[in-house]
Amino acid sequence: MIDLKQLRENPQQFQAQLGLRGKYDLQPILDLDQQQRQLEVTRSQLQARSNEIGKLVGQKMKAGGKDDPEVQTWREEGNQVKAQLSELEPQEKEIKEQLRALLLTIPNLPSETTPVGKDEAENVEIKRWGDEYLPTHTEILPHWEIGEKLGILNFERSVKIAQSRFVTLIGAGAALERALIRFMLDRQTAAGYTEVSPPFLANTASLTASGQLPKFAEESFRCKDDDLWLIPTAEVAINSLHREEILSAEELPLRYCAYTPCFRREAGSYGRDTRGLIRLHQFDKVELFKFVHPDTSEQEHQTLLQDAEAILQALQLPYRVIELCTGDLGFSATKTYDLEVWLPSAEKYREISSCSNCREFQARRGDIRFKEAGKKGTQFVHTLNGSGLAVGRTMAAILENYQQPDGTVKVPEALQDYLGREVL
RNA sequence: GGAGAGGUGGCAGAGUGGUCGAAUGCGCUCGACUUGAAAUCGAGUGUGGCGAAAGUCACCGAGGGUUCGAAUCCCUCCCUCUCCGCCA
């Protein structure tokens, strides 16, 4: 959530920065804010008088002046004040709710360093890695074909169990996934992240805090009877690990990694990536998440990116790093680097990790603050998240990049001990 | 699912209609004493809104009600804990 107080002070600047992302009108928010504050002044004056009357009556009663005519006068005034309040209070509440509802739909402001652009075509490539590991032969089957040939992926039968866009991993496929999860978690915990295994269902407040709700409700699976949603990413769960808490500055940064499945409805993506592991309703991911002091968040963003890259490097998978432009930024992010892995069958780089700094955006929505010893008041933490990595897409990349001319797939060296074999 | 108990400040725990944002203890901060520390003593110590400030308002799980006045009484909901049942 953007900072209402700052918006009030620099509306033009906010409007301009948001304009880099798309079309957003902040005027209704400013108007409601104005109204709300006017009502608040009047209301609190009335409440002050009401409190005063209460005290006066109390004093008189204690002094034994129960039947004092003054008491009767105060009671009448008290009733009048109450009548006025009962008109104002619902008005103010209504306006506050409208205001919050509007604020929740405004995305984060792009950072000062985010490249300006209108859509993904204007994202900026900042690095390529691993050209020497690009496959040299040209007869590479798409991962779903090789996977089905090897009997380790099954899409057809998954439709029986669930529907399309699900996969069942079989034999070495299932083992490969398990090996990847362990490998990633081992690496990330060694890099200083605390492993957590959170609930895979989260409530509305959690999805709202991370920015998933209210705008993207149609993207998540919902358990309607329970105010619970299947998490679309572990980010939702870990963000709420410290929701409504006041941390102490000394315990920052908090760095977490978590393996979870992720559930997405992929509404509106009909016809895109219909085959394979790229776009499923359920996929596994090892997520990195940090709660940090604002002073360190840029630096922590860089190291988060490196920690995600380290997995691709260890697996010797060619990738590139791009920085998203203002028009392609996710709702909660102020700055985002995507890692894209090479998929030879498509001759394309495909997103395998997205590393974002959300600054105070999620912390404000989730009321996650910290206190510095000796300093007055509290500040919002900065939150950062990134995949380290998406497991399904990593499997796809391995099945393609490690495919050999004889139709087998070599197991990346770093995984051989985890899997207990060298070839699939 | 059945029965019961309970939700108060960082924690523990009082408060059952009146000046209570809330006793007391612990913790924490500062100061005194001490060669240093412990112990002891003194002072301070929640969050948020509005306001330049003084200040003022709100918050005792959430929402509503009674009252001049609610942490305290009434209603609804949520959550936690204990026991029983069921179950991985």
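Every value quoted in this text rests on a predicted model; they were computed, and no experiment measured them. Lettering of chains follows the sequences in order, A, B, ..., and the numbering in each one begins at 1. The figures here come from the full heavy-atom set of this structure, side chains too, leaving out hydrogens, waters and symmetry mates.
Regarding contacts with the backbone of rG51(B), a side-chain N or O of Arg37(A) is found under 4.0 angstrom from either OP1 or OP2. For rG64(B), one of the phosphate oxygens OP1 or OP2 lies less than 4.0 angstrom from a side-chain nitrogen or oxygen of Lys93(A).
Relative to the side chain of Thr378(A), the nucleotides rG48(B), rU19(B), rU67(B) differ in distance, and rG48(B) lies closest. When distances run from any side-chain atom of Arg43(A) to the nucleotides rG49(B), rC57(B), rG69(B), the shortest one goes to rC57(B). For Asn51(A), counting side-chain heavy atoms from C-beta on, the closest listed nucleotide (rC57(B), rC50(B), rC68(B)) is rC57(B).
Between Lys118(A) and Glu122(A) there is a salt bridge, with a side-chain nitrogen of the basic residue lying less than 4.0 Å from a carboxylate oxygen of the acidic one.
For Glu89(A) and rG64(B), the CD to C1' distance is 12 Å, given to the nearest whole Å. Rounded to whole Å, atom C1' of rU66(B) lies 16 Å from atom CG of Leu85(A). Computed from coordinates, the Ile246(A) CD1 to rG48(B) C1' distance equals 10 Å when rounded to whole Å. As a whole-Å value, the separation of Leu88(A) CG from rC57(B) C1' is 14 Å. If you measure from atom CG of Asn203(A) to atom P of rA62(B), you get 17 Å, rounded to the nearest angstrom. Between the CZ atom of Arg369(A) and the P atom of rG46(B) there is a distance of 14 Å, rounded to whole Å. Straight-line distance from the CG atom of Leu247(A) to the P atom of rC28(B): 19 Å, rounded to whole Å. The separation between Ile53(A) atom CD1 and rC68(B) atom P is 11 Å, rounded to whole Å.
For the C1' atoms, the distance from rG27(B) to rC77(B) is 35 Å, rounded to whole Å. Taking the P atom of each, rC28(B) and rG65(B) are spaced 44 Å apart, rounded to whole Å. Across rG44(B) and rA22(B), the matching P atoms stand 13 Å from one another, rounded to whole Å. The same atom, C1', is picked in rG15(B) and in rG1(B); the two are 37 Å apart, to the nearest Å. Distance noted for atom C1' between rC79(B) and rG61(B): 7 Å (whole Å). rC73(B) and rU66(B) have their C1' atoms separated by 8 Å, with the value rounded to a whole Å. Comparing rU47(B) with rU40(B), their P atoms sit 27 Å apart, to the nearest whole Å.
Aromatic ring centres of Phe331(A) and Phe361(A) lie closer together than 6.0 Å.
Minimum heavy-atom separation, Leu288(A) to Cys257(A): CD2-CB, 3.8 Å.
The side chain to side chain donor-acceptor pair (under 3.5 Å) test with Lys335(A) is passed by exactly one of His301(A), Glu323(A), Glu298(A): Glu323(A).
Using a 4.0 Å heavy-atom criterion, one finds that Lys371(A) contacts the sugar-phosphate atoms exclusively.
When only modelled atom types and interatomic distance are considered, Thr204(A) and Asp227(A) share a side-chain donor-acceptor pair under 3.5 Å.
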